[in-house]
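See structure below.
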Number of protein chains: 2
Amino acid sequence: MATIADVAREAGVSRSTASYALSGKRPISEEVRRRVLAAAEALAYTPNAGARALATAQTKVLGLLAQFHEDEFAPAMMQYILGVTNTARDLGYDTLLVTEADGVRALRRVTDSRMVDGVVLMNIAHDDARLPVLRAAPQPGALVGFPGDCSGLDVFDLDFEETGRVMVEHLHRLGHRELILVSHPEHVVERGGAYVWRLRDAALERARQLGVILHAAYGESRQPAVGRLLHHLLDTYPAATGLLINNEAAAAALPSVTYERGLRVPGDLSVIGRYSADFAATFSLPYSFVESAPDRLGAMAVRQLVRRVESQAARQEPFVVRFISPELVSRDSTAPPRPSRA
Amino acid sequence: MATIADVAREAGVSRSTASYALSGKRPISEEVRRRVLAAAEALAYTPNAGARALATAQTKVLGLLAQFHEDEFAPAMMQYILGVTNTARDLGYDTLLVTEADGVRALRRVTDSRMVDGVVLMNIAHDDARLPVLRAAPQPGALVGFPGDCSGLDVFDLDFEETGRVMVEHLHRLGHRELILVSHPEHVVERGGAYVWRLRDAALERARQLGVILHAAYGESRQPAVGRLLHHLLDTYPAATGLLINNEAAAAALPSVTYERGLRVPGDLSVIGRYSADFAATFSLPYSFVESAPDRLGAMAVRQLVRRVESQAARQEPFVVRFISPELVSRDSTAPPRPSRA
DNA sequence: CTGAAAGCGCTTACAG
DNA sequence: CTGAAAGCGCTTACAG
């Protein structure tokens, strides 16, 4: 490959002049600039990323740390990742995708070695062991997800508490007085998935205030367990007229369950989910839902991260915790309740 | 961050000695090695990746180029990616995930700038514009998918032709004489997705040889279109007793379709799919299927790629085209046909 | 407006 | 067994 020295020689100038002509970082005579550009073009010159990184202390690469647990529902993950990679690219960055099981080690490796200019962390646990490492790292970090301690990092997430309230309020307004909430599996909670209890606790609180009975249950992440669970819940609470679903796998499984039971939505049962429009389209889910906006969250995290990476001033700004407000997308799966479902 | 100079100073040796002590690339006295290791440990020394890349001309990063089309069924993609990232990491490499729409530009960028030591290409089209670029690149490349011209690259894919034959033969052996094959959507074919017609053409040919009627149809990638299509096909060919599915979205949609029609599998209809075990588990698909082995394919591609990256000898070896033989995983969704489904 | 030189942090022949 | 030095390919003060 051609180096900047080759370009300089070809253009008959010094290496520094060639560099400046290419970067535009200082005034260059029109004639020289033309010759340098032509030479670079002729030699198909592309700067060596490692050399540039060494000289500028910038890699133009962002780290994306994601964790994949055996017992999780993977299909929703891809959209978060694409939100990050696509936004990063728009801003001139490439993305190092790190899926190593040992997230702490992985984070240390990519930050200590200066492979990346900044890091986006996904699958945030309430007490995430990676956070102290990221706070101590020289690169800025952004989270998609909400940890117990947000200090020193920019945090982006759906407002799960408001989501829980919105779901309950919507059905209460329609006249429902007994609801079921299906969350993620219990082991997600044990792993510290705050989005589970944040939505649930806020929903329970709001239900209490409104005099609504809310049965909150853990879910399952896979078929056929999740289908069985839905059947079981509908059996157990025959008076419940509304179903809230904070669990992609459960949402995907629900159509066959209602079909099998001969239940009409919303005639016999009102349903509100929480997932992305893309997910809804893929699985053709006919339910009103709160948009979880994975692409937007990824994009927000990256934009803030890049701001901090590129501007000394931005790096001094206070850290932000930004919640996306829940947006209820209507698919007409809610209606006033029948006197009794049973 | 500490540099090798800091480590050397701390240990009271030269930078080269420190480097050699750490790399073990030349004999070092026990005493000195101990001091260097202690110093590195004390200073939490990690080599700067850019500097090392510049000095060694190796980045220890692999590029993974994937393309995401609006009209595709995304959930299957993640597993291929994880196959690559996890195997890469096991071999000491990180992965740059590039999802840019303009694959040619993206490939040029990461290879010309020497950001990566090798490249894995996914979503291969029959006449893939990225291939000439990859052949001309200084880094070796591996494909997951089968292009029209395999020269100069290592190619890994499921044996879709054999898959088509296995599916037909299996049902023929059971006594079926009229089958339906649902492939991917037509636009996937137009984009050059060879796996569609490779499976289809081989299945058609084998069916012809065996005297089996095979109705080959394009599919859809999303609900509810794919569900409607399945209904339509079952309406159109009432004498067909077996269904072959080379389309994840169609497989995911089939359970509700058979349920809605009151069809029993395999009593009324025998079914064979083609997807991964992980996909089957996620969607609880009750069908016998040919394992598409996305993780294995990603792993094979990476292993071969790394071999070529790391060994001059390996780089001279002839390029390989390696097909995974279809493995039919039985879920008891096939049986001898009823005299007539209608 | 342009050039010669230093420096980024490594590795690795070259010498001893 | 160890050290001094060159070199990887850039960028950017420093001089003019």
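Naming: A, B, ... by sequence-line order, numbering from 1 per chain.
- Applying the salt bridge (charged side-chain N to carboxylate O under 4.0 Å, His left out) rule to pairs touching residues 38-50 of chain B yields nothing, sequence neighbours excluded.
- Along DNA chain C, the stretch of nucleotides lying under 4.0 Å from any heavy atom of chain B spans, 5' to 3', C:dG9 to C:dC14.
- Ring centers of A:Phe146 and A:Phe323: under 6.0 Å apart, within the cut-off.
- Of all the residues in residues 16-34 of chain A, A:Ser16, A:Ser19, A:Tyr20, A:Lys25, A:Arg26 reach under 4.0 Å from DNA chain D with at least one non-hydrogen atom.
- Qualifying salt bridge (Lys or Arg N to Asp or Glu O under 4.0 Å) partners for A:Glu100, counting only residues two or more places apart in sequence or in other chains: A:Arg105, A:Arg109.
- For residues 139-150 of chain A, the set of pairs meeting the salt bridge (charged side-chain N to carboxylate O under 4.0 Å, His left out) definition, not counting sequence neighbours, comprises A:Arg135-A:Asp149.
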> Under the side chain to side chain donor-acceptor pair (under 3.5 Å) criterion, do B:Gln79 and B:Ser276 qualify, and how do the steps go?
Replying inline: CA-CA 9 Å; B:Gln79 307 168 61; B:Ser276 73; 2.7 Å; yes
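- Within a heavy-atom distance below 4.0 Å of DNA chain D, no residue of residues 39-50 of chain B is found.
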With a 3.5 Å cut-off and sequence neighbours excluded, list the donor-acceptor pairs that the side chains of residues 295-303 of chain A form with protein atoms.
none

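- A:Thr95 pairs by the side chain to side chain donor-acceptor pair (under 3.5 Å) definition with nothing, not counting sequence neighbours.
- Screening residues 139-148 of chain A for salt bridge (charged side-chain N to carboxylate O under 4.0 Å, His left out) gives no qualifying pairs among residues at least two apart or on separate chains.
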>> Could you write out DNA chain D as dot-bracket? Rules: Watson-Crick or G-U wobble, both distances under 3.5 Å, brackets [ ] for crossings, | for pairs with another strand, dot for unpaired.
In response: |||.||||||||.|||
> Under the side chain to side chain contact (heavy atoms under 4.5 Å, CB included) criterion, do B:Leu158 and B:Tyr195 qualify, and how do the steps go?
Replying inline: CA-CA 9 Å; B:Leu158 177 67; B:Tyr195 49 96; over 6 Å; no
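- Under the rule for a salt bridge (Lys or Arg N to Asp or Glu O under 4.0 Å), the partners of A:Arg35 that lie at least two apart in sequence or sit in another chain are A:Glu31.
- When each of A:Thr56 and B:Val13 is assigned the nucleotide of DNA chain D with its nearest heavy atom, B:Val13 is the one assigned upstream, toward the 5' end.
- Among residue pairs with one or both ends in residues 121-132 of chain A, those qualifying as salt bridge (charged side-chain N to carboxylate O under 4.0 Å, His left out) are A:Asp128-A:Arg130; sequence neighbours excluded.
- With rounding to the nearest 0.5 angstrom, the NE2 atom of A:His126 is 14.5 Å from the CD atom of A:Glu190.
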